[in-house]
Amino acid sequence: MNVLTLFGLKKEAVLLDSWLYIFKAMVAISVGFVVGNAFAITRLDMISVLLGVMYNLEPINVNAFKGGINQLLASSLGALTTGLLIVLFNYQISFITVALGIGFTLYIALKIDYRMVSPVAIFTSIYMNQLLQSDAQGLPSVWLTFRLRIVALGLGVLIALVFNYLFSLLYYQKIGRKRLEYVKRMTILAFEQSHAHLKQNLSADQMQAVMTGVFNDIDMVRSNLEAIQQERLIIHPKHERKQIDVYLNAIIELKLLVHLSYDNLYLQEDQMRDLTSEEDRFFIDLIDALKKSDFLQSPRLSELNVEIKPVQDRLSDNIVMMSKSYARLCALMKSL
């Protein structure tokens, strides 16, 4: 085992820009530390500043403006609600104020975005209950606590949004090919699993466990590219946006290929049969063609010369549709 293998990230992690994300996080957190300490008020709550940076720093190339604003809004409303509860209970912090504060914060966060509850909003509610600031007379103050938390968190969110935007400009052009290369590797894994299963070298349970992960990874990448496609604050040339459209369509074709290969898992016993020589050659050539391609260098794919003769059963239909889907994928790559 060499040094690069020992300390390096997996190729799949590199294709997801993990090294760049690490660098981006280090620079952003450093700036957050310096800027946070430059202001008298935020200097009192550097944890909120730094958490605001890291919770809103995106590992993908989007500016996440809406997400940052939603988190700040949910946190503000959650802090306000929790603060009012504390005042109503005459500053007597108990399990009741903690429970009601969390309950109202979760309600507000889900009202803003039902898909996700912001960890920042939850932390804000707990913060208001447990870290009450004191005024000049030494009395607990909801207002001072609210102001400190929101200003510190807002600064962290702002810094994160700035770095999300700057880094999205730096490596926007490469993300499509990197993500497509990542999905291609997941597709190869799916084909190898399906081929081994059809050759009766792999059980259905083993194949299903791997396939579940493959589908999750493909959906993750697809949602990443769709988020980039919908960006409005980042201005890019039309040809770059067109490339993202092509990459998305290519990922859709790759997912269809994986679906068709996965469908072979559900063949009934009376539908199971040995692969014909042409079908076996199709799987081998398809896997080989994808392995030889490198979308980081060139978007081209070699076409397959294997002619599939339909046998009029479910397995044959799947393989014929896979052949047609791969042909469409090759055409998409030629359009880049």
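All values reported here derive from a predicted model rather than from experimental measurement.
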Inset, instruction - Might you confirm whether atom CZ of Phe89 has over 12 heavy atoms from other residues, nucleotides or ligands at distances under 6.0 Å? - result: yes
Inset, instruction - Look only at the side chain of Thr212 and the backbone of Gln208, and say whether a donor-acceptor pair between them is shorter than 3.5 Å. - result: yes
Legend entry - Charged N-O contact under 4.0 Å between Asp263 and Arg314: yes
Legend entry - Side-chain (Thr42) to main-chain (Gly36) donor-acceptor, under 3.5 angstrom: yes
Inset, instruction - Taking Ser223 for its side chain and Met220 for its backbone only, find out whether a donor-acceptor pair lies under 3.5 Å. - result: yes
Inset, instruction - For Val53 and Ala160, work out which heavy atoms get closest and say how close. - result: O-CB, 3.4 Å
Legend entry - Donor + acceptor pair across side chains of Ser277, Asp280 (<3.5 Å): no
Inset, instruction - Please lay out, stage by stage, how Tyr247 and Leu225 fare under the test side-chain contact (heavy atoms from CB on, under 4.5 Å). - result: CA-CA 8 Å; Tyr247 293 140; Leu225 292 184; 4.2 Å; yes
Inset, instruction - Look at the side chain of Ser125 and the backbone N and O of Gly101, then say whether any donor-acceptor pair between them is shorter than 3.5 Å. - result: yes
Inset, instruction - Dump the intermediate steps for side-chain contact (heavy atoms from CB on, under 4.5 Å) on Glu192 and Lys291, then the final yes or no. - result: CA-CA 11 Å; Glu192 289 176 337; Lys291 283 185 175 180; 2.8 Å; yes
Legend entry - Electrostatic pair Lys334:Glu303 at N-O distance under 4.0 angstrom: yes
Inset, instruction - State plainly whether the residues Glu226 and Arg222 are in salt-bridge range, i.e. N to O under 4.0 Å. - result: yes
Legend entry - Residues Ser141 and Gln133: side-chain donor-acceptor under 3.5 angstrom: no
Legend entry - cation_pi(Lys184, Phe295) dist<6.0 Å, angle<=45: yes
Legend entry - Approximate separation, where rounding is to 0.5 Å, of Arg328 CZ and Asn249 CG: 11.0 Å
Legend entry - Under 3.5 Å: donor-acceptor pair, side chain of Thr82, backbone of Ala79: no
Legend entry - Tyr262 ring center within less than 6.0 Å of Phe215 ring center: yes
